[in-house]
Protein chains: 2
Amino acid sequence: MTKSDWLSELRAEAPRLGRASTAGRVADVLRTRITEGSLAPGTRLSEEDIGAALGVSRNTLREAFRLLGHERLLVHEFNRGVFVRKLTVEDVRDLYELRRILECGAVRRGAERHAGTATAERWPALLDAVRAAVEEGEAAAERGRWLDVGTANMHFHQAVSALAQSPRVDEAMGHLLAELRLVFHVMAAPQAFHESYLADNRAILELLLAEDFEGAEKAIADYLDAAEAQLVEAYSAAGQVSA
Amino acid sequence: MTKSDWLSELRAEAPRLGRASTAGRVADVLRTRITEGSLAPGTRLSEEDIGAALGVSRNTLREAFRLLGHERLLVHEFNRGVFVRKLTVEDVRDLYELRRILECGAVRRGAERHAGTATAERWPALLDAVRAAVEEGEAAAERGRWLDVGTANMHFHQAVSALAQSPRVDEAMGHLLAELRLVFHVMAAPQAFHESYLADNRAILELLLAEDFEGAEKAIADYLDAAEAQLVEAYSAAGQVSA
DNA sequence: GAGTGAGGGATTGTTGAACAATCCGTCAAT
DNA sequence: ATTGACGGATTGTTCAACAATCCCTCACTC
């Protein structure tokens, strides 16, 4: 192991140190609350109340709000305050539109670069991540932990988009999936929703392993169409009480 | 014109009113400075100096910094300050990777939805925007305004990605192009760089009008490959004095 | 009863100052 | 040449205050 290997390994752990910012930690707390669903969409977050509850000043809290606003988990209305994001049906459709472009594009570009042999050594690790996500979901389903099935499903799609080997694609996908979490809470039966896609994930993995990239792209597109339709239907039924 | 038409037209102008935030206006000023190149990449932005120069408090200025950090025009290093983003060659490559996925994907999805006839009435307006950007660039070139040629080129690609009819794709593309502006300033000869792509833009427009969407996608991919190679070369030669 | 306008309380937007924590360059010591 | 300590400068965070804005209530008019 050469010196530069040491350094690059250490560099990978560097971000863990910089996590000292108070605003960042406040954002972490709120993010967890929101994605877990204990803060319902539409809830207004009072600067004074939350600041007092968390023991931070208003200014620091505002910085945390900006961070979460950037991730689209909160919306900031001028002179009115910040609210937990409330997604419309159009948002759901748009999120899946972007997913189609990103995920299918990631498979396509990954395949092109794989064929180019320029980055051949990274490919197995990328596919391993996909496989790990598939097995994580199957294991969670076997033990009946349906929330974990949903998490594993997100890992699966994050791993698929990672095939593009692009940090910016990874980040965009991460934000997209975090936003989607806001939607999943309106599903009455998360079991049936997530369970039905375990087989699809496995099938997509097999297509990738067989290097049938066109087939994989098509399978992902079909998956997304089906999931979008299911979500839109559930959303129209449950979420549209107002507006 | 029905009542709902009135309202939707007004709604389009609503964002112009909410621009009253001081932090937002400060961000506007700094953004212009950065994208125009008068603030060189790597420059450190002192809170005290800039706050005094612009007549705003440190807290407000910090909010403006977060906004620009979110757009990747500034980088925030904890306990060290904010700096004008300095893109590496890897960043340039990654930006073009994302552009390939977004722009080609937008054409493909736009074509699919166009064929579906569900949103047929919007299509001509989208193509008109592309045409307008092409002609804007040609007019600017004729008058020798090379900076405007670059701007028109960005409008062209923004219009192409708008074919996806997805607000989130539009926004992602907007941020991506703003980030790319940081790179263009290292080009020694912007004339030759931007000029060479005017004909490509026109050709892509013709392919779109002829509804040869596969051809258009291919043309865009080729365009991006060429532009990336040109930029990477210029960047390796000029920008890599340090690191 | 529906719509309009004027208070008034509550919340956010912004400022300025203050102190703690951290970084960075300098200089001495080994 | 590397290490360690000191000190100035900058950022991180808090606090208190005031201005600006929103929103609810209530009286008023027709």
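In what follows, chains carry the letters A, B, and so on, assigned in the order in which the sequence lines appear, proteins first and then strands, with residues in each chain numbered from 1.
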Quick one: do A:Arg100 and A:Glu228 satisfy salt bridge (Lys or Arg N to Asp or Glu O under 4.0 Å)? Show the steps, please.
CA-CA 10 Å; A:Arg100 262 186 285 269; A:Glu228 176 186 347; 2.7 Å; yes
Given the rule in the salt bridge (Lys or Arg N to Asp or Glu O under 4.0 Å) test, do A:Glu179 and A:Arg85 qualify, once you have shown the distances and angles that lead to the verdict?
CA-CA 9 Å; A:Glu179 210 176 337; A:Arg85 184 76 182 280; 3.1 Å; yes
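For the pair A:His185 (side chain) and A:Thr35 (backbone), a donor-acceptor distance under 3.5 Å is present.
Within residues 50-57 of chain B, the residues approaching DNA chain C are B:Gly55, B:Val56, B:Ser57, by heavy-atom distance under 4.0 Å.
Following rounding to the nearest Å, A:Glu63 (CD) and D:dT13 (P) show an atom-to-atom distance of 7 Å. The nearest whole Å value for the distance from the CG atom in A:Leu61 to the C1' atom in D:dT13 is 13 Å. We find that CG of B:Asn59 is positioned 11 Å from C1' of C:dG13, with the value rounded to whole Å.
Within a 6.0 Å radius of CZ in A:Arg33, no more than 12 heavy atoms belonging to other residues, nucleotides or ligands are found. With a 6.0 Å radius and a threshold of 12 heavy atoms from other residues, nucleotides or ligands, B:Glu135 has its CD atom above the threshold. Shown here is B:Glu233, whose CD atom has no more than 12 heavy atoms of other residues, nucleotides or ligands within 6.0 Å.
Rounding to the nearest 0.5 Å places CZ of A:Arg44 at 10.5 Å from CD of A:Glu77.
For the residue pair A:Thr88 and A:Asp91, a side-chain donor N or O sits within less than 3.5 Å of a side-chain acceptor on the partner.
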How does each nucleotide of nucleotides 4-12 of chain D score, in 5' to 3' order, for protein heavy atoms under 4.0 Å: base (B), sugar-phosphate only (S), or none (-)?
------SBB
